[in-house]
Amino acid sequence: KQEVTQIPAALSVPEGENLVLNCSFTDSAIYNLQWFRQDPGKGLTSLLLIQSSQREQTSGRLNASLDKSSGRSTLYIAASQPGDSATYLCAGGGYNNNDMRFGAGTRLTVKP
Amino acid sequence: SQTIHQWPATLVQPVGSPLSLECTVEGTSNPNLYWYRQAAGRGLQLLFYSVGIGQISSEVPQNLSASRPQDRQFILSSKKLLLSDSGFYLCAWRTSGHGEAFFGQGTRLTVV
């Protein structure tokens with residue numbers, strides 16, 4: 001089964017910095033990978049979905065890439081803002097499965 | 001547009017009491033439905049998923065069960081709660097096994 005790992009577990013940066021969050025997965029037959037944001041005590045908000053046939057997706061200041069051969073995905077956040085402070089999770093699923101496997105998340109703090 | 005409703009938002013239950021959490025989706029047909037549990041400071045653990053009415057796949061042996069009595073309704077139940085059942089329960093849906101996933105706002109369950 002798919003195993004997903006996120007590093008670092010926590011990250012603190014000053015406002016305005018560009019930053020990269022990492023997500024690794026064990027099964028290169030991944031069918032898609034999705035990035036989420038979770039605010040404390042809340043559900044997950046979908047940020048970006050990358051299908052296996054794609055290499056990246058962009059939404060505003062966010063850019064996510066997918067490299068199946070290396071088993072990695074990255075989420076790039078440009079010009080970070082205090083409102084970006086949250087936990088970011090990635091989830092991947094294999095073609096033959098109907099489930100999604102999540103990493104433990106990266107807790108991001110953007111300091112004013 | 002599609003929406004997902006999950007209730008209650010918070011729940012405090014004594015050990016040994018029954019549990020019923022409900023999740024409904026609007027605006028789509030035949031969604032894949034999921035129940036996840038998130039322990040404090042940890043990632044999401046897949047509990048159950050369903051690809052159709054009456055079709056339930058269980059990921060983790062435990063004293064929880066799930067049912068899908070209608071196309072867009074997913075219920076998580078327990079006959080007797082344990083202290084270890086405390087956590088944040090999240091319902092999710094997507095249009096297929098590989099589409100974008102959307103989450104409810106979660107239920108915070110505390111077993112005392």
Side-chain angles (χ1 to χ4, degrees), chain A residues 1-10 21 23-27 29-54 57 59 62 64 66 68 86-107, chain B residues 1-11 21 23 25 30-52 55-60 66 68 74 87-110:
Chain A
K1 290 185 178 178
Q2 185 72 264
E3 299 284 342
V4 181
T5 304
Q6 291 187 249
I7 296 173
L21 306 180
C23 174
S24 300
F25 46 90
T26 56
D27 187 355
I30 194 168
Y31 198 79
N32 64 24
L33 190 133
Q34 191 168 355
W35 283 92
F36 297 86
R37 168 186 173 135
Q38 186 177 29
D39 293 293
K42 302 294 184 182
L44 277 65
T45 299
S46 177
L47 297 174
L48 290 165
L49 171 70
I50 311 175
Q51 300 289 358
S52 62
S53 58
Q54 301 171 320
Q57 283 283 351
S59 176
L62 305 179
L66 176 63
K68 293 175 57 179
T87 297
Y88 291 81
L89 299 103
C90 65
Y95 182 81
N96 292 319
N97 296 326
N98 280 296
D99 63 295
M100 299 174 289
R101 299 290 169 171
F102 281 80
T106 294
R107 188 173 68 255
Chain B
S1 64
Q2 302 91 350
T3 56
I4 179 169
H5 302 281
Q6 191 178 342
W7 68 91
T10 59
L11 191 60
L21 302 181
C23 172
V25 181
N30 196 32
N32 285 10
L33 296 171
Y34 307 82
W35 278 112
Y36 284 85
R37 177 170 59 201
Q38 186 176 36
R42 299 178 64 182
L44 275 70
Q45 178 187 35
L46 178 64
L47 301 176
F48 302 94
Y49 67 91
S50 172
V51 300
Q55 301 179 59
I56 308 296
S57 295
S58 175
E59 288 292 304
V60 182
R68 185 171 176 173
F74 205 23
F88 192 49
Y89 289 82
L90 290 155
C91 179
W93 76 273
R94 50 183 180 171
T95 55
S96 69
H98 314 114
E100 187 174 5
F102 299 94
F103 279 76
Q105 286 302 298
T107 295
R108 174 74 59 191
L109 171 66
T110 304

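Just so it is clear: chains get the letters A, B, ... in the order the sequence lines come, proteins before strands, and each one is counted from 1.
Only the side chain of L90(B) comes within less than 4.5 Å of a heavy atom of chain A; its backbone N, CA, C and O stay farther away. Contacts between L89(A) and chain B at a heavy-atom distance below 4.5 Å involve the side chain alone, from C-beta outward. With a threshold of 4.5 angstrom between heavy atoms, Q51(A) approaches chain B through side-chain atoms but not through N, CA, C or O.
Ionic pairing of E59(B) and R101(A) is present here: one or more N-O contacts between side-chain nitrogen and carboxylate oxygen are shorter than 4.0 angstrom.
A donor-acceptor pair is defined here as one N or O able to donate and one able to accept, closer than 3.5 Å; such a pair exists between the side chain of S50(B) and the backbone of Q55(B). One N or O on the side chain of Q6(A) and one on the backbone of C90(A) form a donor-acceptor pair closer than 3.5 Å. A donor-acceptor pair under 3.5 Å links the side-chain atoms of Q6(B) to the main chain of C91(B), judged by distance alone.
Most heavy-atom pairs under 4.5 Å with chain B, from the set G41(A), G105(A), A9(A): that is G41(A).
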